[in-house]
Novice: 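Sharing a structure here in structure tokens format.
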Amino acid sequence: MVSVKLPDGSQRDLPSGATASDLATSISKALVKNAVAAKVNGEIVDLFRPIPEAAEVAILTKKDDEALEVLRHSAAHLMADAILRIFPKAQLTIGPVVDDGFYYDIYLPDYRISPEDFVKIEEEMQRIAKEGHAFVRTEADDGLADEAYHRYKQIDGGNNQFKQEIVDDLLARGATLSFYQHGDFIDLCRGPHVPSTSFLKNVKLTSVAGSYWRADASREQLQRVYGTAFFSKQDLQEHLRLLEEAKKRDHRLLGEQLELFFFSEDAPGFPFFLPKGTTLFTILSDYMRGQLRLRNYHEVKAPLILSENLWHTSGHYENYLENMFFTKMKLRDEKLPDEIHDNVEEERPMAVKPMNCPGHCILFKSKLHSHNEFPLRYAEMGLVHRRELSGARHGLFRVQAFTQDDAHHFCTPEQVEGEIGMLIDFFAEVYGAFGLTDVRIELSTRPEKSIGSDDMWTKAERALTSALEAKKVNYVLNKGDGAFYGPKIDFHIRDVLKRSWQCGTIQLDFSMPERFELRYVGPDGDRHIPVMLHRAAFGSLERFLGIIIEHTAGRFPFWLAPVQVQVLPVSEKYNDYASKVTQRLVTAGFRTEANLRGDRIGYKIRQGSLHKIPYLLVVGEKEAGAKEVNVRSRETGELGAFSVPAFLERIEAEKLPPTLVTEERSSSSSLST
RNA sequence: GCCUACAUAGCUCAGUCGGUAGAGCACUUCCUUGGUAAGGAAGAGGUCACCAGUUCGAGUCUGGUUGUAGGCUCCA
């Protein structure tokens with residue numbers, strides 16, 4: 001007999017050798033139908049594996065996220081099977097599950113798989129799925145001599161060096177080889193899998209891209225075929241719909257349509273901001289400046305270009321060299337004026353700043369500070385330049401010049417925890433103002449490439465941890481992912497494309513104050529080294545703008561919209577009245593423009609709608625006579641006639657970001673759930 | 001940086017077999033003076049990304065460069 005404990009706490013006895021499938025049968029028919037895999041003592045296994053004595057068992061059904069991963073892993077096997085049938089020369093490498101699906105890396109040097117091949121592969125997959133083969137697990141108990149291993153070796157030609165490498169690694173580690181077979185296909189795999197290929201009817205191949213064996217550019221080039229799978233057709237269709245929606249929301253596309261920004265071949269990775277994009281940018285920085293004023297920050301401005309020497313002091317030269325822009329001169333030859341000498345080193349070589357901290361250190365050093373001034377918070381909308389690999393650039397998300405809402409806190413070691421607590425609330429309010437609620441906090445510790453003593457790192461990591469614990473926020477630990485000068489807390493925001501972007505960051509730094517020999521006078525009258533805290537909420541204003549564009553699909557909330565109101569005269573006869581109304585709204589502080597062109601009203605409304613302007617005001621004979629405006633809202637359509645003061649009152653209520661309107665927001669932080 | 005693909009009017013794209021370039025939108029002008037998502041007409045707009053090569057002839061074929069996209073890597 002095996003006695004199992006179920007998730008609800010109840011016990012159940014089963015004959016020895018019983019499987020999770022037997023368990024499901026003993027519970028209910030519905031469970032049998034929906035069972036996908038089982039979780040035995042926290043480990044996910046196949047339904048048909050025997051349950052050990054006294055185990056805690058949970059049956060995973062189609063509703064569990066973990067079951068979805070099992071399904072997708074099985075789908076990867078199915079796809080590999082189909083690809084081998086169509087391309088017998090293909091060699092399989094690895095096929096893991098990723099965030100929204102799975103991929104399989106295929107070695108097929110003589111043919112390039114393209115999306116046109118997807119239909120064929122999908123049809124083959126459908127066929128295998130319909131055949132309903134069971135997934136059968138075999139273990140090779142006697143290693144390479146095992147029969148299962150030989151069957152497996154033959155599956156893609158018998159000469160698969162990639163699989164051989166994996167097998168060798170596994171055997172070297174003393175692991176047991178396990179294989180999963182469905183129909184004639186067999187693959188090396190830890191499992192688990194769904195019971196049968198009949199679960200795999202809702203699959204879709206999504207893309208194909210290049211990759212390398214073991215992610216090593218000097219190794220073989222592989223073809224990575226991506227796909228996704230769901231239990232139900234509806235889920236698959238919803239996922240595909242979201243992908244389409246995400247494409248439509250692409251900030252690069254919307255940036256062009258809404259006339260916000262663009263890129264030019266002459267400045268790769270450096271955005272050009274059009275007037276409307278600049279307005280948005282200014283609103284972001286004004287909003288942040290308001291927040292900084294409330295929290296006793298002092299705004300400063302440090303130079304863009306500083307001596308190379310300074311970057312040696314800060315440690316950036318050693319650790320960040322590849323990402324920095326350096327200045328070089330061009331000089332005319334003294335004797336031959338047509339001859340120009342390139343890349344002439346200056347006597348004091350200069351570098352463009354990739355970070356603001358050294359500048360702030362120099363600002364700090366401009367006078368002697370007392371502990372009574374602490375915590376001293378220097379803020380800067382700092383424009384930094386960083387070289388990026390050409391293939392890494394991506395719209396506003398990855399640029400080579402960007403503006404950080406940067407700040408540095410100088411404080412005593414005792415003040416660190418309080419500062420971090422303040423920042424956690426601060427950042428929660430900022431993200432909340434933009435309706436960004438999917439925020440993940442990560443604590444990153446000492447990386448391999450780092451400066452500073454062991455003692456310093458231990459102290460710094462402890463300070464961050466205790467601040468997080470004190471605030472009672474959930475966080476993920478990221479070992480070895482800190483900045484080279486100190487550990488950090490990162491704030492990751494998930495966008496509609498389900499990509500996670502690091503926005504906010506809080507970095508503790510005991511090292512830079514030492515390198516720059518920063519000092520303050522303590523209560524004892526002696527000089528001490530301050531603690532320095534680097535922090536940014538948006539991170540990069542450019543990237544944050546990109547996130548906001550995708551998050552809102554370009555339908556910016558009223559307080560952010562570059563044009564808040566557009567006044568549309570029905571015909572040119574009412575242009576004067578439209579101009580007067582516009583002027584009145586502009587004077588009241590609203591971003592308002594009039595469309596005085598000779599187009600018909602329907603056309604003007606279409607134009608205003610396409611630009612996603614929150615309010616369109618139609619004015620004609622009626623309105624001019626009654627001193628009214630006819631309001632059309634982007635969200636709710638036609639609202640009818642308003643007197644100008646009544647409309648002003650309405651928009652006055654929408655003028656501020658949500659956090660500043662509802663007081664209770666700041667106390668109930670969305671991060672502490 | 002690596003792999004693959006792409007680059008034609010301001011934008012989105014067509015351009016067959018190698019024979020000096022086309023549409024829609026946008027723009028300009030004119031007509032229309034209008035009531036909640038496209039009124040009509042005319043006009044202007046091109047070093048076919050750039051540099052070489054093949055050819056009598058290149059948007060089209062070949063090579064290189066740059067940029068862009070997707071992915072890898074990097075960064076964080």
Side-chain angles (χ1 to χ4, degrees), chain A residues 98 103 105 109 112-115 206-226 247 250 252-253 256-257 259 262-270 274 319-324 354-355 386-395 397-400 402 404 442 444 447 449 478 480-484 488 490-492 500-505 507 534 536 539-540 543 568-575 597-613 616-624 630-634 637-641:
Chain A
V98 288
Y103 67 81
D105 277 350
R112 213 180 52 74
I113 298 175
S114 77
T206 48
S207 62
V208 57
S211 68
Y212 300 104
W213 174 238
R214 303 249 144 126
D216 179 349
S218 67
R219 299 292 304 266
E220 292 83 353
Q221 169 85 31
L222 308 173
Q223 302 186 53
R224 178 166 296 179
V225 184
Y226 284 91
K247 264 190 220 162
D250 189 316
R252 294 166 298 183
L253 215 67
E256 209 170 280
Q257 284 167 4
E259 299 171 339
F262 63 91
F263 289 87
S264 155
E265 204 171 304
D266 288 315
F270 300 96
L274 291 158
N319 291 278
Y320 212 67
L321 180 73
E322 293 82 2
N323 291 89
M324 291 175 66
M355 295 189 191
R386 297 182 185 177
R387 277 186 187 285
E388 296 288 353
L389 294 177
S390 58
R393 302 195 288 250
H394 181 93
F397 285 160
R398 185 62 68 92
V399 288
Q400 297 204 108
F402 56 96
Q404 292 182 310
E442 290 187 5
S444 298
K449 212 166 143 187
N478 246 343
D481 220 11
F484 67 84
K488 58 176 188 169
D490 287 330
F491 295 74
H492 294 257
S500 180
W501 292 101
Q502 188 210 307
C503 291
T505 185
Q507 306 179 353
H534 311 240
S540 145
R543 177 200 272 180
L568 313 177
V570 162
S571 85
E572 285 170 16
K573 279 193 261 176
Y574 313 105
N575 278 3
R597 303 177 49 127
D599 302 312
R600 285 178 206 281
I601 190 65
Y603 190 73
K604 289 184 191 177
I605 286 168
R606 179 180 158 79
Q607 292 302 315
S609 303
L610 288 175
H611 283 98
K612 306 182 198 291
I613 295 166
L616 301 177
L617 306 184
V618 175
V619 295
E621 193 177 356
K622 274 183 284 178
E623 291 77 13
N630 201 300
V631 181
R632 184 190 167 103
S633 146
R634 180 186 63 192
E638 230 178 304
L639 298 179

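So you know, we letter chains A, B, ... as the sequences are listed, proteins then strands, and number each from 1. Everything numeric here is computed off the predicted structure, so don't read it as measured data.
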Novice: In whole Å, I'd like the distance from the CD atom of A/Gln400 to the C1' atom of B/A76.
Specialist: 16 Å

Novice: Regarding A/Gly602, tell me which of base, sugar-phosphate or nothing describes its non-hydrogen contacts under 4.0 Å with the strands shown.
Specialist: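 Sugar-phosphate, backbone atoms only, no base.
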
Novice: Heavy atoms under 4.0 Å, any strand shown: does A/Gly598 hit a base, just sugar-phosphate, or nothing?
Specialist: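 Base, at least one base heavy atom under 4.0 Å.
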
Novice: Per the side-chain contact (heavy atoms from CB on, under 4.5 Å) rule, which among A/Ile613, A/Leu616, A/Leu617 passes with A/Arg632?
Specialist: A/Leu616

Novice: Choosing from B/C11, B/G67, B/U36, which nucleotide comes nearest the side chain of A/Glu256?
Specialist: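 Comparing B/C11, B/G67, B/U36 against the side chain of A/Glu256, the answer is B/C11.
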
Novice: Looking at the angle O4'-C1'-N9-C4 for a purine or O4'-C1'-N1-C2 for a pyrimidine, is B/U20 syn or anti, with syn meaning within 90° of 0?
Specialist: syn

Novice: Could one point to a donor on the side chain of A/Arg600 or the base of B/A37 with an acceptor on the other under 3.5 Å away?
Specialist: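 Looking at the base of B/A37, it does not pair with any donor or acceptor on the side chain of A/Arg600 (distance under 3.5 Å).
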
Novice: Which part of the nucleic acid, if any, lies within reach of A/Arg632 when heavy atoms closer than 4.0 Å are counted: base, sugar-phosphate only, or nothing?
Specialist: base

Novice: Could you work out which one of B/G35, B/G67, B/U36 sits closest to the side chain of A/Pro268?
Specialist: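 Nucleotide nearest to A/Pro268's side chain: B/G67.
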
Novice: Using the C1' atom as the point on both nucleotides, what is the distance between B/U4 and B/G43, in whole Å?
Specialist: 43 Å

Novice: Select base, sugar-phosphate, or nothing to describe what A/Phe263 touches, counting heavy atoms under 4.0 Å on all strands.
Specialist: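 Here A/Phe263 touches no strand at all.
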
Novice: Starting at CD1 of A/Ile605 and ending at P of B/G39, how long is that distance when rounded to a whole Å?
Specialist: 11 Å

Novice: Have a look at A/Asp266 and say if it touches a base, only the backbone sugar-phosphate, or nothing, with a 4.0 Å heavy-atom cut-off.
Specialist: nothing

Novice: Using a 4.0 Å heavy-atom cut-off across all strands, classify A/Glu623 as base, sugar-phosphate, or nothing.
Specialist: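 Base: the residue A/Glu623, judged by heavy atoms under 4.0 Å, touches a nucleobase.
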
Novice: In whole Å, what is the span from the CG atom of A/Leu253 to the P atom of B/A69?
Specialist: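 Taking atom P of B/A69 as the reference, CG of A/Leu253 is at 12 Å.
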
Novice: Rounded to the nearest Å, what distance is computed from the CD atom of residue A/Glu572 to the C1' atom of nucleotide B/G39?
Specialist: 14 Å

Novice: Check the distance between B/A69's P and A/Phe397's CZ and give it to me in whole angstrom.
Specialist: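 Rounded to the whole Å, the gap is 12 Å.
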
Novice: Report which part of the nucleic acid A/Ile601 touches: base, sugar-phosphate, or nothing (heavy-atom distance under 4.0 Å, all strands).
Specialist: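 It contacts sugar-phosphate atoms only.
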
Novice: In whole angstrom, give me the gap between the C1' atoms of B/C48 and B/C6.
Specialist: 14 Å

Novice: Which nucleotide in the set B/A37, B/C74, B/A69 lies at the smallest distance from any side-chain heavy atom of A/Arg252?
Specialist: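 Selected nucleotide: B/A69.
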
Novice: For a quick check, tell me whether the side chain of A/Glu322 and the base of B/G1 share a donor-acceptor pair closer than 3.5 Å.
Specialist: no

Novice: I'd like to know if A/Asp105 and A/Arg224 make a salt bridge, using a cut-off of under 4.0 Å between side-chain N and carboxylate O.
Specialist: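 Result for this pair is yes, salt bridge flagged.
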
Novice: So what stems show up for RNA chain B if we need 3 or more Watson-Crick or G-U pairs in a row, all under 3.5 Å?
Specialist: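 So far as stems of 3 or more pairs are concerned, RNA chain B shows B:1-7 with B:66-72, B:10-13 with B:22-25, B:27-31 with B:39-43, B:49-53 with B:61-65.
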
Novice: Would you indicate which nucleotide in B/U36, B/G67, B/C75 comes nearest to any side-chain atom of A/Val618?
Specialist: B/U36

Novice: Closest to the A/Tyr320 side chain: B/A37, B/G35, B/C75?
Specialist: B/C75

Novice: Report the nucleotide, chosen from B/G35, B/A37, B/A76, that has the shortest atom-to-atom distance to any side-chain atom of A/Gln507.
Specialist: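 That would be B/A76.
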
Novice: Counting only side-chain heavy atoms from C-beta out, which of B/U73, B/G35, B/G67 sits nearest to A/Glu265?
Specialist: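 In terms of side-chain proximity for A/Glu265, the closest of B/U73, B/G35, B/G67 is B/G67.
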
Novice: Taking the side chain of A/Arg597 as its heavy atoms from C-beta onward, which of B/A38, B/A76, B/U28 lies nearest to it?
Specialist: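 Of B/A38, B/A76, B/U28, B/U28 is nearest to the side chain of A/Arg597.
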
Novice: Select base, sugar-phosphate, or nothing to describe what A/Lys622 touches, counting heavy atoms under 4.0 Å on all strands.
Specialist: base

Novice: Within less than 4.0 Å of OP1 or OP2 of B/A37, is there a side-chain N or O belonging to A/Arg634?
Specialist: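 False: A/Arg634 side-chain N/O out of range (4.0 Å or more) of B/A37 OP1/OP2.
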
Novice: Under 4.0 Å from OP1 or OP2 of B/U68: is there any side-chain N or O of A/Arg398 that close?
Specialist: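 Indeed not, no polar side-chain atom of A/Arg398 lies that close.
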
Novice: Of A/Gln502 and A/Tyr574, whose nearest nucleotide on RNA chain B comes first from the 5' end?
Specialist: A/Tyr574

Novice: Which sits closer to the 5' end of RNA chain B, A/Arg386 or A/Gly269, going by the nucleotide each is nearest to?
Specialist: A/Gly269

Novice: Looking at A/Tyr226, does any N or O in its side chain come under 4.0 Å of the phosphate oxygens OP1/OP2 on B/C72?
Specialist: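 So the side chain of A/Tyr226 is within the cut-off, an N or O lying under 4.0 Å from OP1 or OP2 of B/C72.
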
Novice: I want to verify a distance call: between B/A37, B/G70, B/G1, whose nearest atom is closest to the A/Ser609 side chain?
Specialist: B/A37

Novice: Nearest heavy-atom pair of A/Arg398 and A/Arg543: which atoms, and what distance?
Specialist: NE-NH2, 4.4 Å

Novice: OP1 or OP2 of B/A76 sitting under 4.0 Å from any side-chain N/O of A/His492?
Specialist: no

Novice: Could you check whether any side-chain heavy atom of A/Lys488 comes within less than 4.5 Å of a side-chain heavy atom of A/His534, counting everything from C-beta outward?
Specialist: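 No, side chains not in contact.
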
Novice: Closest to the A/Asp481 side chain: B/A37, B/U68, B/A76?
Specialist: B/A76

Novice: Could you check whether any side-chain N or O of A/Glu623 sits under 3.5 Å from a backbone N or O of A/Gly620, counting only pairs where one atom can act as donor and the other as acceptor?
Specialist: yes

